[in-house]
Amino acid sequence: MVFAVEKQPVVTRFAPSPTGYMHIGNLRTALYAYLIARHDGGRFILRIEDTDRERLVEGATDVIMRTLAVTGLSYDEGPIVGGEHGPYVQSERKPIYMEYAKRLIELGAAYYCFCTKERLEQLHEEDATGGYDRHCRDLSPEEVEKNLAAGIPYVIRQKMPLEGTTSYVDAVFGEVSVENKELQDQILMKADGYPTYNFAHVVDDYLMGVTHVVRGSEYVTSTPKYALLYDAFGWQRPTYVHLPLLMGKNADGSVSKLSKRHGAVSFEDLVNDGFLPEAIINYIALLGWGPKGENAEVEFFTLSELEKAFSITGVNKSPAVFDFDKLCWFNGEYIKKLDFATFKEKAMPFLHAAFPAEVDVDAVLRLLQGRVSKLTEVEGKSQLFRELCEYDKALFENKKNKVTVESAEALLKAALPCLQALDSWDNDTLYAALLQLSEQLGCKSGAVLWCLRIAASGMSVTPGGATEIMAAIGKAESLARIEKAIAKFA
RNA sequence: GGCCCGUUGGUCAAGAGGCUAAGACAUCGCCCUCUCACGGCGAAAACAUGGGUUCGAUUCCCGUACGGGUCACCA
């Protein structure tokens, strides 16, 4: 029978397990799932998969929800906000899974297994590649009843077909097929009464009406097993959307799955390192997906722009290497776009020590805004406004401006009284005065400014020019630093 | 190791049979400039490989190599 398929509303979900921090790879999965739903005006669900009671980490769910909140990935249904398919935490749905597992047994697609862990370990020792030997697959109903009545611990396993192949069409990878003989009779219900991921996510996705299962490509090969579960229940299979993995570059140049050893990989660590959430989202959106058509050359996307531009067909198949340099570039661009008040608000927490009272903090921050790629850099780059560091007079030497150590001394001595005479002390006044001085002296303005910048900062590379620095640290400190410089020649 | 998947510059990534094979980051150079940065201009840099199919393959097919994933009472 052929149906004229009515377009169903898209429903996606992000289903992390609360076992720690929010990995950047997980965030990208959440982003894509969110975008796929929003692009079509569909629904996005958050579901917490906490069936592994041993790995549970206190507070991990809060981290997940906080991250989604600050990145703007809003969900229509989920813990706390609720929804018509709740609860949205798997441990609160426990009875549901056993009910469906038993139904599967009745359907002949699953069976009770009473094998002990010891026996499984033994099996593994004998043949590490063999897997479970399906010892309990054909137990007689009487035997099962007897064991159940005797209270023998059990698990429930999926009964895989022994022959043939199972395939599915992935929205990213295309058709994927696996020989059924490769499929293990995987455990659906654990001895502790909790379901495994393999079972719980299928039941929940069905019950919650998820139409597109979006997840990392590590699930590509196990998906036929899940498809078989849908088939056994007589449910319509969802569209599978597997995402390429995120990789990190190793010291030796090779790449491997992005992890801690590649640097900060949790969203919160990145934020603590001075990255802006919008920059992170923009960057990771581009890892595994590229804008097409008229947008092909666009680099900057806000979340809502991504919602419009994103499409599954643009998702790449090959793994993408996470490039911290490019993230830094994005971040710097986003920092520049901030209005000053916002920048100041975000930067202040990264300033560890106070400035001397005369220092114009706003002036310092304005200089810094266009020159940092991470908020953490404001601390180091503002150090010279707090105190002058030690430096050698050789620093004054500069061939481009034709300054030698000797001429520097003369220039500084000429500049000092000129600056002392100034009534007001702002960038424009300073600049005008020094320009005039250089004319009187008959030398390049660059020479005068170069010497004063060194004297005012003690560094060859500074966040700002001579007059900007002097304006920020104030007249008294500026003159004191120049005198200190002159003293070096004594 | 079996199975599954992938392969456009160092990285991200357009291009989908005929193009001088986009763009971005990083790199290098030049210009601007009171330093750095910004900005402007420019350079270098890629279709893994061997066979097909085709008038013509980066693009389609097969093999090889390389890379990744997966083989849990973890997700």
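Throughout, protein chains are lettered first and strands after them, A, B, ... in sequence-line order, and every chain is numbered starting at 1. Because only heavy atoms are used, hydrogens play no part in the values below, and waters and symmetry mates are left out as well, while side chains stay in.
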Kindly state which residues belonging to residues 164-179 of chain A come within less than 4.0 angstrom of RNA chain B, counting heavy atoms of the residue only, listed by number.
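Those residues are F173(A), E175(A), V176(A), S177(A).
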
All N/O contacts under 3.5 Å from nucleotides 15-22 of chain B to the protein, with atom names and distances to one decimal?
unit_1 : atom_1 : unit_2  : atom_2 : d
A22(B) : O2'    : E297(A) : OE2    : 3.1

Say you pick atom [atom1] in [N] and the same atom in [M]; how far apart are they, in whole Å?
| N | M | atom1 | answer |
| --- | --- | --- | --- |
| G9(B) | A26(B) | C1' | 12 Å |
| U35(B) | A45(B) | P | 32 Å |
| U7(B) | C61(B) | P | 11 Å |
| A16(B) | C28(B) | P | 34 Å |
| U8(B) | G1(B) | P | 24 Å |
| U54(B) | U64(B) | P | 23 Å |
| G56(B) | G63(B) | P | 23 Å |
| C38(B) | A22(B) | C1' | 25 Å |

[Y] backbone acceptor or donor facing [X] side chain under 3.5 Å:
| X | Y | result |
| --- | --- | --- |
| N295(A) | V298(A) | no |
| W329(A) | F324(A) | no |
| K190(A) | Y154(A) | no |
| K94(A) | T51(A) | no |
| D185(A) | M160(A) | yes |

Atom [atom1] of [X] to atom [atom2] of [N]: distance rounded to whole Å?
| X | N | atom1 | atom2 | result |
| --- | --- | --- | --- | --- |
| N316(A) | U11(B) | CG | P | 14 Å |
| D50(A) | C74(B) | CG | C1' | 13 Å |
| I284(A) | A13(B) | CD1 | P | 13 Å |
| Y283(A) | A26(B) | OH | C1' | 11 Å |
| F322(A) | C25(B) | CZ | P | 17 Å |
| L183(A) | A72(B) | CG | P | 12 Å |
| W329(A) | U11(B) | CH2 | C1' | 14 Å |
| I156(A) | C73(B) | CD1 | C1' | 12 Å |

Salt-bridge criterion met for [X] and [Y] (N-O under 4.0 Å):
| X | Y | answer |
| --- | --- | --- |
| E305(A) | K308(A) | no |
| K488(A) | D392(A) | no |
| E397(A) | K402(A) | no |
| D204(A) | R93(A) | yes |

Quick one: is the NZ or CZ of [X] closer than 6.0 Å to the six-membered ring centre of [Y], and within 45° of its axis?
| X | Y | answer |
| --- | --- | --- |
| R28(A) | Y32(A) | yes |
| K337(A) | F300(A) | yes |
| R366(A) | F340(A) | yes |

What is the nucleic acid contact for E299(A), judged by heavy atoms within less than 4.0 Å: base, sugar-phosphate only, or nothing?
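The residue E299(A) makes base contact.
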
Using a heavy-atom cut-off of 4.0 Å across all strands, would you classify C451(A) as base, sugar-phosphate, or nothing?
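Nothing, no heavy atom under 4.0 Å.
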
Can you check whether any acceptor in the base of A26(B) is under 3.5 Å from a donor in the side chain of K326(A), or vice versa?
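Such a pair does not exist between side chain and base.
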
What one-letter contact string describes nucleotides 61-71 of chain B from 5' to 3', where B marks a base within less than 4.0 Å of any protein heavy atom, S marks contact via sugar-phosphate atoms alone, and - marks no contact?
-------SBS-

Please encode protein proximity along nucleotides 30-41 of chain B as a string of B, S and -, counting only heavy-atom distances under 4.0 Å.
---BBBBSS---

Between Y168(A) and F173(A), does the ring centroid distance fall short of 6.0 Å?
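No: the rings miss the under 6.0 Å criterion.
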
If you check the [X] side chain, which of [options] turns out closest?
| X | options | answer |
| --- | --- | --- |
| D52(A) | A26(B), U8(B), C74(B) | C74(B) |
| I187(A) | C25(B), C12(B), C73(B) | C73(B) |
| D325(A) | A13(B), C25(B), U11(B) | C25(B) |
| L287(A) | A75(B), U7(B), C12(B) | C12(B) |

With M470(A), which of L434(A), L479(A), N427(A) fulfils side chain to side chain contact (heavy atoms under 4.5 Å, CB included)?
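Of the listed options, the one satisfying the test is L434(A).
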
Given pairs defined as Watson-Crick or G-U wobble with both distances under 3.5 Å, what dot-bracket annotation applies to RNA chain B, with ( ) intrastrand, [ ] crossing, | other strand and . unpaired?
(((((((..(((.....[....))).(((((.......)))))....(((((..]....))))))))))))....

Chi angles and distances behind the side-chain hydrogen bond (donor to acceptor under 3.5 Å, both in side chains) call for N180(A), T166(A)
CA-CA 6 Å; N180(A) 289 149; T166(A) 299; 2.5 Å; yes

For Y431(A), ring pair (Phe, Tyr, Trp, His ring centres under 6.0 Å) partners two or more places apart
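Y431(A): no ring pair (Phe, Tyr, Trp, His ring centres under 6.0 Å) contacts found.
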
Has K190(A) got a side-chain N or O lying under 4.0 Å from the OP1 or OP2 atom of A72(B)?
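Negative; the distance criterion is not met.
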
Is the shortest heavy-atom distance from the side chain of R134(A) to the side chain of Y111(A) under 4.5 Å?
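Side-chain contact under 4.5 Å: yes.
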
When you compare the side chain of T467(A) with that of D428(A), does any pair of heavy atoms fall below 4.5 Å?
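Side chain of D428(A) against side chain of T467(A), heavy atoms only: no contact under 4.5 Å found.
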
If we count only N and O atoms by modelled type, under 3.5 Å, do the side chains of H242(A) and T223(A) hold a donor and an acceptor together?
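The answer is yes; a qualifying pair exists.
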
Could you pick out which residue, T51(A) or V298(A), lies toward the 5' side of RNA chain B when each is mapped onto its nearest nucleotide?
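This one resolves to V298(A).
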
Pairwise 5' ranking along RNA chain B for L327(A) and S318(A), keeping only the more 5' one:
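Looking at RNA chain B, the more 5' nearest nucleotide goes with S318(A).
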
